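Just so we're on the same page: letters track the sequence lines, and every chain starts at 1. Values below: all heavy atoms of this structure, side chains included; hydrogens, waters and symmetry mates excluded. Worth saying up front: this structure is predicted, and the values here are computed from it rather than measured.
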Amino acid sequence: MGDIFTRTAQWFADPSHWSGTDGVWHRFGEHLWLTAVCLVISCALALPVALVLGHLGRGGALAANIANAGRAVPTFAVLVLLFISPLGNSGNTLPTVIALVLFAIPPILTNAYVGMREVDPDAREAARGMGMTGGQLLWRVELPLAAPLVMTGIRTGAVQLIATATLAALPGGGGLGRIITAGFALRDTAQVVAGAVLVALLALAVEVVFAILQRITDPHGAARRPGKSAKDVRGLDRQNPPTDDRATAPRETETEPA
Amino acid sequence: MNDPSSLAAPAADCLIRNDWICGTYLRTRAGDLASAVAEHVELTAASVLLGLVLAFPLALLARRVRVLQTPVLGVATVLYTIPSLAMFSLLLPVFGLSASGIVAAMALYSLTVLVRNILAGLDGVPEEVREAARGLGYGPARLLLSVELPLALPAVMAGLRIATVSTVSLVTVGGIIDHGGLGNLIYDGMSSDFKAEVLTASVLCVIIAVGADLLLLTVQRLLAPWRKAVAR
């Protein structure tokens, strides 16, 4: 095992591993493209439902059940089921996209829903009192206040997509997972490790990029930074909500790796 | 299903037709299914228990030495971000193509969830309760075991349930090296395009996950009957 680092480094150093259809760049492109497209589809499907249900205060059980189902159903099983179903006859793209979207929806939906429900009722009341309509309330009060959790959901969904796209290589999809599965087929430990390093780095990079995006787009986070008066943000400080029973289960753990 | 001539052609047909649901498959491969379920449960139990055994000292250490809390939670977040196939591939040089590699990878995930939830649970213990216990002459060990841990139990159990359910579904990936419990059957069914095998193994996975969750919920209610279970 001692020289596995050397052999992995040698694998990375070989230019033939970077070019061509099986090369790192092509697989990386596939992975990123698949993730981006599916993230857009997942958001388009999950966010409207979550925001409207959250606004209306309905469907809490649905949101919780979707999160639980997303955790209990094995990603690998769903991928294989879709690939060997009639959907798989048309090629690899459709089953891969469906599986990816299915597993990205739960974190996006539940986080956005919880974010909407956690909006301070006083803020909602005040907006109503100012004569805002339901739509104005949603867009101008609730959504901005729920934005940090909506972004957390999108970030978790994106990381989930990277993970599911990796697994899609097992039944024959594209992406960086193919480097790992090919490594297993060739009994080439260095290639397996190299592929795993690439996948892990990509997942971490996505996490970091979204964490930065979240910091930039969070207006209240900005308001809390030094230089602003604490008075401006009083009552809006939802980063430190009062502890209750629900708060003891950290939010981040509402998702699972895949 | 009460067809007396179960060996006749019509009954075997579902195998030939490659149906999704096939009674003949269930009957003829019951032994395979049972041993796959057993392996699945063993792998899950080993991973979660290993994670739990490692998580407690880590969480207690991170709580005592506050400087360590940020790095411990940071490492946990990083580990949690790594996709399962990559996680267990990264451990391949250490464990080889053995079941220990799967258990180690899954234990790392459980560990991260559990450390976070144990810390959150212990942080949620009201300071007045601690003060009261100290006033009654409780030492640190007794305070932890008979006051803090029972109060942190709902959060710990919530973490344990998440870790267990996730592990049941993630273990399937071990099918790639033939150490994935029901994942082996899914992998095999994938290679041979055997629909009944894939669907049956997938459904059994979900049943195990739901069963384990209900079992832990019951344990939680028995251990902390004074408190209604946390809904997650």
* Asked: What is the minimum heavy-atom distance between B:N184 and B:G180, and which atoms define it?
  ->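 Smallest heavy-atom distance, with atoms named: OD1-N, 2.8 Å.
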
* Between B:G121 and B:A152, which heavy-atom pair has the shortest distance, and what is it? ->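 Answer, listing the atom of B:G121 first, then B:A152: C-CB, 3.5 Å.
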
Do [X] and [Y] come within less than 4.5 Å of each other through their side chains, counting heavy atoms only?
X	Y	result
A:C43	A:I154	yes
B:L43	B:M106	no
B:S47	B:Y109	no
A:F28	A:L198	no

Heavy-atom distances under 4.5 Å only: say whether [X] touches chain A with side chain, backbone, both or neither.
X	result
B:F88	side chain
B:I176	side chain
B:A86	both

Of all of [options], which one pairs up most often with chain B through heavy atoms under 4.5 Å apart?
options	result
A:V159, A:L170, A:L79	A:L170
A:V193, A:I162, A:L204	A:L204
A:V199, A:T166, A:L81	A:L81

* To do: Report, by ascending residue number, the residues of residues 171-182 of chain A in heavy-atom contact with chain B at a distance under 4.5 Å; give 'none' if the set is empty.
  => A:P171, A:I180, A:T181

* Asked: Under the criterion side chain to side chain contact (heavy atoms under 4.5 Å, CB included), which of B:T200, B:L15, B:L199 is the partner of B:C22?
  -> B:L15

* Indicate whether any N or O donor in one side chain lies under 3.5 Å from an N or O acceptor in the other, for B:R66 and B:Q69. => yes

Could you look at [X] and say if it's the side chain, the backbone, both or neither that has a heavy atom under 4.5 Å from chain B?
X	value
A:T8	neither
A:F83	neither
A:V197	both
A:V192	both

* **Pi-cation contact, B:Y80 with B:R116 (under 6.0 Å, within 45°)** => yes

* Structure fact -> One should read off an interatomic distance between A:Q160 CD and A:L39 CG, to the nearest 0.5 angstrom, of 11.5 Å

* Note: A:R27-A:D22 ion pair, threshold 4.0 Å (strictly below) -> yes

* Asked: If you count heavy-atom pairs under 4.5 Å with chain A, which of B:V198, B:V210, B:L119, B:V206 comes out on top?
  -> B:V198

* Which of B:L182, B:V168, B:V78 touches chain A most, by non-hydrogen pairs under 4.5 Å ->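 Maximum pair count with chain A is reached by B:V78.
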
* To do: Just say parallel, tilted or perpendicular for the rings of B:F194 and B:Y25, cut-offs at 30° and 60°.
  =>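 Perpendicular.
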
